[in-house]
Amino acid sequence: MSNSDQSYFDSEEEIQEQENNPELIKTNEIVEDSDSDSDSEDDVPISQRRTKLNSTTSSISDATLINDKINSHSSSSSDSDSDQPLSKRMPNNNSSQKILDPKKRKIKKESKTTATNESSDSEDDIALSKRRKTTPLKKVKKEIKTEIKKEIETEIKREIKREIKTEEPKKATKRTRVKKEEDDEKPSKKKKTTAKVKEEKVSKKKKKEEEEDEVFRWWDNEKEDDSIKWTTLEHQGPYFPPEYVSHGIKMKYKGEPIDLVPECEEVANFYAQVIGTDWGENPTFRKNFFKDFLKVIKKKQPNCPIKKFEDCDFTPLTEYFTEQKEKRKAMTKEEKEVIKKEKQEIEDKYGWALLDERKEKVGNFRIEPPGLFRGRGEHPKTGTLKYRVYPESVTINIGKNAKIPEPPEGHKWGKIIHDNTVTWLAMWKENVNDSFKYVWLAAGSSLKGQSDFKKFEKARELKKHIGKIREEYTLELKDKLMATRQRATALYFIDKLALRAGNEKGDDVADTVGCCSLRYEHVTLEPPNRVIFDFLGKDSIRYYNEVEVSKQVYKNIEIFKRAPKKEGDMLFDRLNTTILNKYLQKSMKGLTAKVFRTYNASYTFQEELKKTVKNSTMNEKLLAYNRANRQVAILCNHQRAVSKNHSDQLKRIQDKILTSKYQRYLVSKEMLELDPTLKKKKPELGRLSRGITKEFIKSYEEKELEKKKAKLERDNEKRKIDGKELLTLEDMEKAKRQPSMERLQKQYDTLSKRIKAQQVLLIDKDENKATALGTSKINYIDPRISAAWCYKYDVPIEKIFNKSLRNKFKWAVEVDENFVF
DNA sequence: ACGTGCGACTCAGAAACCTATTA
DNA sequence: TTAATAGGTTTCTGAGTCGCACG
């Protein structure tokens, strides 16, 4: 036995446990067993993997007829689970988990395995750093900027006349390329993409205040050193919420109105505003709130009689706030205008920072107002009073020579620092979890954009290594060493299922897990090779997935779950995120668990997009896009609560479709009347779609009659005034001119189109009810894939990126249609 | 040398808000 | 035409990840 071996066993491996634990001896048998087991399950391409995922997560297949879909929706229970609010979805855990009896074998300990990882500390990849240009980051000179601006403006004018959309992609390509080489900036200004020009055009149209929109094209020359984030930084500091002003409404205690000092009243308000929501019913929330409420009372108003929550009546306050809400809603335009203006003024003042002489938008310049902490899931501290933040506890980070913003009157800043290795402008410590809150630049800022870009480049880098990494972990699934085997298994899940890393957490936060922190009870096995995941992940969102895994992985889980392990024990007891990430660094510089999520999301998206049909309609293309997006969202388990009136909404759309279908049927009947021979050529004419019941027709006719009557009445009103004789319904019928075949055909086609569009909408909507597409679009999908797709399929970028996304991804929209992630 | 907690950043869904559409 | 509603966008802030300093 080698030395390295020895040290491993001495430190933590199973040797001593083996002596008194027969179960673990079995473990080792398995390890041995599987070695001979030629488990050649190669890594499956993601495109295929996901289908596995799909078959379990989403139960609706595209092929299903819409009608059927809707019906199955309301009636069948097969997918009813997904209709529930996220938190309430029940596991279907009845499948008893069986632990297979492993064949008994002799224990053998081998040496070779241990060394492999240790020595595999091969030289890191340097591709990333190689890619870095030597060109230092340059500040775009002001004069040039203004010049650019002028040019843009003239170009805009030209552009308006031309309105050429199709040229965008090509232009964009050339531009980026040229830009990379050029050293002087002159050419660059001409390289403005038409897309950008358009964007500006639009904003110009809206507001002139867009003058400062001189885009800093940081992506033209990459930064050398990214530990220094800025050289000069100016800003106005954060904006503080107004001090509390008492409203004088009294809550009741034991039925009696009670006087509270403003400090106490404010806290009472917080709870009053939560009544009627889930928060108000949450026992932990109540408990924590009341505890803090009493604390404030004791301090500010010791003689206050409030002692028990049950005796409190907050409803007068609640009513007051609903009233206020209604009042605000009922405000006149002018009043609203005034408020809007005030808001705008605050934004103008605090919403901008000067970073290296460039004007950049500040993201969250408002200090969080006091309130009750809304911890998600079963957060033990939910409901706790979050204190008001005063300038004294705020640290300002600003340039050395910049003017320090004035703190609110009568206050001082806690600290002023000049740290240009960080990107925050202000910071304070929050009292509930003792964590930090920061004021940052907005998502569209250069700083955020650059790190976003880096993130996706890192994920693309992983693409080059993923083959090797998969090979390696597949091998290591059979490793003799428990720690290695666990690491490989965890990585397998992270890669195939896009699980989060799963740091350890304290017990003063909600009990949620990620991959490394999975526990015994979160994973169940179902022979022959099905693994069922059921746990609460980030934000206490339930992750439920049944996955078929390779034999080896199945076997491994069996081993990891073997007694004496029991509920509450870690599944990967020899693993944590630090170990995992340290290992990953060896395969690729900067590689961590979360990169897999980005990589797999973007890659999946790219693959899914290939299903777009070239000559389909815009709606169909967009549906294809959304479908791809949805696949990613499903992969990443991005969920949202199903809206209460979801089924109502579906019914309404379905009703519309039926109406259109019936109308089309009526038109087709007229067509046949005009030309009965048509029936032969187009047998679909005069055929009533199924789903149109007698009741439907009846109610349709009734509605039509109502409409006609209404119109008649209106017409007659007029006629009365004009002194003409009044008409009847029959007159109206007669007055209808005979439709020509051409007109009918046109009507028919229009209706057909409308039906199709509505059906597309319906499918999209239904498939989307519990899936949140936004998160993956904003954070995981390389925007360049989307941009390239737009160019390739001739879809205007505005269709898929709204204004803020276009702003956030301005660095990305210049790719050409051949961009490959 | 290693575990731990701090610090800074990304990612997350809900809620508020704003705007276009429809009754 | 207006008010209600739906749908999209923005804001808000909580919840993760991960590197690193520190003891």
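Residue numbers begin at 1 in each chain, while the letters A, B, ... track the order of the sequences.
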Requested in this report: Nearest-nucleotide wise, let me know which of G590(A) and L805(A) is further upstream toward the 5' end of DNA chain C.
Outcome: L805(A)

Query raised in the report: So, do Y387(A) and F373(A) have ring centers that fall under 6.0 Å from each other?
Result: no

Query raised in the report: Just checking S451(A): base, sugar-phosphate only, or nothing, at a heavy-atom cut-off of under 4.0 Å?
Result: sugar-phosphate

Query raised in the report: Which part of the nucleic acid, if any, lies within contact of S804(A), taking any heavy atom under 4.0 Å across all strands shown: a base, the sugar-phosphate backbone alone, or nothing?
Result: sugar-phosphate

Report task. Would you indicate which nucleotide in dT13(C), dA12(B), dA8(B) comes nearest to any side-chain atom of M427(A)? Result -> dA8(B)

Report task. Using whole Å, report how far CZ of F453(A) lies from C1' of dC9(B). Result -> 19 Å

Pairwise N/O distances under 3.5 Å, protein to nucleotides 14-16 of chain C:
unit_1  : atom_1 : unit_2  : atom_2 : d
dG14(C) : OP1    : K386(A) : NZ     : 3.1
dG14(C) : OP2    : K437(A) : NZ     : 2.6
dA15(C) : OP1    : R376(A) : N      : 2.7
dA15(C) : O4'    : D539(A) : OD1    : 3.4
dG16(C) : OP1    : K505(A) : NZ     : 3.4
dG16(C) : OP1    : T512(A) : OG1    : 2.5
dG16(C) : OP1    : D539(A) : N      : 3.3
dG16(C) : OP2    : K505(A) : NZ     : 2.6

Report summary line: Testing dC6(B), dA14(B), dC18(B) for proximity to the side chain of K343(A), the answer is dC18(B)

Report task. Using a 4.0 Å heavy-atom cut-off across all strands, classify T423(A) as base, sugar-phosphate, or nothing. Result -> sugar-phosphate

Query - Charged N-O contact under 4.0 Å between K329(A) and E326(A) - result: no

Query raised in the report: Does E798(A) come within less than 4.0 Å of K803(A), counting only side-chain N to carboxylate O?
Result: no

Query raised in the report: Would you call the rings of Y543(A) and F533(A) parallel, tilted or perpendicular if under 30° counts as parallel and over 60° as perpendicular?
Result: perpendicular

Report summary line: Heavy-atom nearest nucleotide on DNA chain C taken for F801(A) and for N364(A); more 5' hit belongs to F801(A)

Query raised in the report: Does a side-chain N-to-carboxylate-O contact under 4.0 Å join E457(A) and R784(A)?
Result: yes

Query raised in the report: Of the options T512(A), L499(A), D511(A), which is the one that meets F535(A) in a side chain to side chain contact (heavy atoms under 4.5 Å, CB included)?
Result: L499(A)

Report task. Strictly below 4.0 Å, heavy-atom distances to any atom of DNA chain B: list the hits from residues 776-784 of chain A, or just say none. Result -> N779(A), Y780(A)

Query raised in the report: For W440(A), which contact category applies under a 4.0 Å heavy-atom criterion: base, sugar-phosphate, or nothing?
Result: base

Query raised in the report: To the side chain of N581(A), which of dC9(B), dT10(C), dC18(C) is closest?
Result: dC18(C)

Query raised in the report: Do F365(A) and H235(A) have their ring centres less than 6.0 Å from each other?
Result: no

Report summary line: Ranking dC12(C), dC9(B), dC17(B) by distance to the side chain of R328(A), first place goes to dC17(B)

